[in-house]
Amino acid sequence: MEAPETTADSRDVSLTIPARPDYLVLARLALSAVCRLTPLSPEEIADLKLAITEAANDYVDETRPLEDESRVSFSFRLLDDRLAMELSGPGSSVSAVEQELSRAIIEATVDECSFGSGRTLLVKYLAG
């Protein structure tokens with residue numbers, strides 16, 4: 001597992017974890033840390049944590065063997081007017097029904113989202 005990366009003049013955080021659900025708490029913690037720099041309310045932050053967890057369902061798989069080295073990468077980029085969250089990783093065995101439900105939850109909790117092959121982008125605009 002790679003440590004979050006930041007630079008002194010940047011408000012970007014990157015994290016790469018094993019593609020297993022038990023590591024998702026680390027991504028949620030990294031997101032929480034970035035959100036402390038925003039004007040988002042506790043309810044909005046909770047919504048984003050839910051959205052990032054649902055988005056990660058496309059990449060994590062609890063049936064992966066422990067020796068499987070698949071990884072999921074998270075990138076949190078804090079800009080003046082928005083928080084951009086990008087995920088990338090291998091596909092998982094999520095059913096179409098589960099994926100549809102996850103995407104409905106995501107669409108209800110973020111301002112913009114796009115889903116591509118091996119990549120998900122979520123955007124939350126900051127009031128201000």
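None of these values were measured; they are calculated from a predicted model.
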Exercise. Go through the steps to decide whether Leu37 and Leu78 satisfy the test side-chain contact (heavy atoms from CB on, under 4.5 Å), and finish with yes or no.
Key: CA-CA 8 Å; Leu37 304 173; Leu78 183 56; 3.6 Å; yes
Quiz item: Between Val60 and Val72, is any pair of side-chain heavy atoms under 4.5 Å apart?
Solution: yes
Exercise. Drop me the distance from Glu86's CD to Asp12's CG, to the nearest 0.5 angstrom.
Key: 11.0 Å
Quiz item: Between Ile45 and Leu50, is there a shared hydrophobic cluster once you connect ILVMFWY residues whose side-chain heavy atoms come closer than 4.5 Å?
Solution: no
Practice problem: Might you confirm whether atom CZ of Arg77 has over 12 heavy atoms from other residues, nucleotides or ligands at distances under 6.0 Å? | Solution: no
Self-check item: Donor-acceptor contact below 3.5 Å, side chain Tyr59 vs main chain Arg119
Solution: yes
Quiz prompt | Euclidean distance, Ile106 CD1 relative to Phe115 CZ, rounded to 0.5 Å | solution = 4.0 Å
Exercise. Report yes or no: do Leu79 and Val110 belong to one cluster of Ile/Leu/Val/Met/Phe/Trp/Tyr joined by side chain heavy-atom distances under 4.5 Å?
Key: no
Exercise. Give me the other members of the hydrophobic cluster that Val94 sits in, counting Ile, Leu, Val, Met, Phe, Trp and Tyr linked by side-chain heavy atoms under 4.5 Å, directly or via other members.
Key: none
Quiz prompt | Hydrophobic cluster (4.5 angstrom, side-chain heavy atoms) - remaining members for Val123 | solution = Leu121, Tyr125
Self-check item: From Ile105 atom CD1 to Glu100 atom CD, the distance as rounded to the nearest 0.5 Å
Solution: 11.5 Å
Quiz item: Within a radius of less than 6.0 Å around CG of Asp80, do more than 12 heavy atoms belonging to other residues, nucleotides or ligands occur?
Solution: no
Self-check item: Qualifying residues under salt bridge (charged side-chain N to carboxylate O under 4.0 Å, His left out), relative to Arg28, sequence neighbours excluded
Solution: none
Quiz item: Which distance, rounded to the nearest 0.5 Å, do you find between the NZ of Lys124 and the CG of Asp47?
Solution: 7.0 Å
Quiz item: So which heavy atom on Thr38 is nearest to which on Cys35, and how close?
Solution: OG1-O, 2.7 Å
Quiz prompt | Partner of Leu31 under side-chain contact (heavy atoms from CB on, under 4.5 Å), chosen from Leu48, Leu26, Val13 | solution = Leu48
Practice problem: Determine yes or no for a side-chain-to-main-chain donor-acceptor pair under 3.5 angstrom, with Ser102 supplying the side chain and Gln99 the backbone. | Solution: no
Exercise. Return the minimal non-hydrogen interatomic distance between Phe76 and Ala30, and the atom names on each side.
Key: CE1-CB, 3.8 Å
Quiz item: Is there side-chain contact between Thr16 and Phe74, with heavy atoms separated by less than 4.5 Å?
Solution: no
Quiz item: Atom CG in Asn57, atom OG in Ser95: separation rounded to 0.5 Å?
Solution: 10.0 Å
Quiz item: How long is the gap from CZ on Arg71 to CG on Leu15, to the nearest 0.5 Å?
Solution: 11.0 Å
Quiz prompt | Residue pair Asp61 / Arg20: nearest heavy atoms and the distance that separates them | solution = O-NH1, 4.1 Å
Exercise. Dump the intermediate steps for side-chain contact (heavy atoms from CB on, under 4.5 Å) on Val34 and Arg11, then the final yes or no.
Key: CA-CA 8 Å; Val34 171; Arg11 299 187 302 171; over 6 Å; no
Exercise. Step by step, work out the side-chain contact (heavy atoms from CB on, under 4.5 Å) result for Leu122 and Glu107.
Key: CA-CA 9 Å; Leu122 311 176; Glu107 290 171 359; over 6 Å; no
Self-check item: Side-chain donor or acceptor of Glu44 paired with backbone N/O of Ser41 under 3.5 Å
Solution: yes
